[in-house]
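Below: one structure, written as structure tokens.
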Amino acid sequence: MNKTIFQTSVYELGDQVDAFYDEGMFVLFGENVPDTLKDFCHFIDVNEVDGTIGKGNTLVIDGAEFKISAVGEIAQSNLETLGHLTVVFSGAAEAGLPGSICVEAKPMPKLKVGSKIEIKED
């Protein structure tokens, strides 16, 4: 595994974070989350992204690895400025939302307070 370009951890969960679980997706957000999304978000610290998030990179959640298959056009800038990223476990070749990344279609882990999230360049 090569360089870690982003890392953070979950410090709070919205009241309805499980709402998207059956759809195989979760939403990360920093402090400045819009009220309409607050209940559905996993809250993270906004940290620097030291590199470019790209197809073929690896998302690591609590040690479990998921290959990134697609990156939306504003996913990186949203993560850098807002701590906002939607992660979709579909394996899709194109991101359906501009602020999302798609990772391989494996069972999605349940994030909890303290969960560690990293993105590594390959």
Taking side chain as C-beta onward, heavy atoms only, is Ile68 less than 4.5 Å from Ile53?
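Contact flag for Ile68/Ile53 side chains = yes.
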Close side-chain approach of Phe6 and Gln76, heavy atoms under 4.5 Å
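A side-chain contact under 4.5 Å is absent here.
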Walk me through it: do Leu111 and Leu28 pass the test side chain to side chain contact (heavy atoms under 4.5 Å, CB included)?
CA-CA 10 Å; Leu111 294 173; Leu28 302 175; 4.1 Å; yes
Taking side chain to side chain contact (heavy atoms under 4.5 Å, CB included) as the criterion, tell me which of Asn57, Ile101, Thr58, Val103 meets it with Phe66.
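Considering Asn57, Ile101, Thr58, Val103, a side chain to side chain contact (heavy atoms under 4.5 Å, CB included) with Phe66 is found only for Val103.
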Exercise answer: donor-acceptor pairs, residues 35-48 side-chain atoms, under 3.5 Å, sequence neighbours excluded:
residue: His42; atom: ND1; partner: Val27; partner atom: O; Å: 3.3
residue: Asn47; atom: ND2; partner: Gln7; partner atom: O; Å: 2.7

Distance-only donor-acceptor check, side chains Lys116 and Ser9, under 3.5 Å:
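There is no such pair between these side chains.
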Common cluster, [X]/[Y], ILVMFWY with side-chain heavy-atom separation under 4.5 Å:
X: Val71; Y: Phe29; result: no
X: Ile117; Y: Leu79; result: yes
X: Ile119; Y: Ile61; result: yes

Is the count of non-hydrogen atoms from other residues, nucleotides or ligands lying under 6.0 Å from Gln16 atom CD greater than 12?
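Enclosed.
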Check whether [X] reaches the backbone of [Y] with its side chain - one donor and one acceptor, N or O, closer than 3.5 Å.
X: Tyr21; Y: Met108; result: yes
X: Lys112; Y: Val10; result: no
X: Lys67; Y: Leu59; result: no
X: Asn78; Y: Ala75; result: no

For Thr52 against Glu121, the heavy-atom pair lying closest together
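The answer is N-OE2, 3.8 Å.
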Specify the closest pair of heavy atoms between Tyr11 and Gly30, including all atoms of both residues, with the distance to one decimal.
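That closest heavy-atom pairing would be OH-C, 4.5 Å.
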Name the atoms and distances for all side-chain donor-acceptor pairs under 3.5 Å in residues 85-99, with sequence neighbours left out.
residue: Ser90; atom: OG; partner: Ala92; partner atom: N; Å: 3.1

Once side chain to side chain donor-acceptor pair (under 3.5 Å) is applied, do any residues pair with Glu23, and if so which ones, sequence neighbours excluded?
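Result, side chain to side chain donor-acceptor pair (under 3.5 Å) vs Glu23: none returned.
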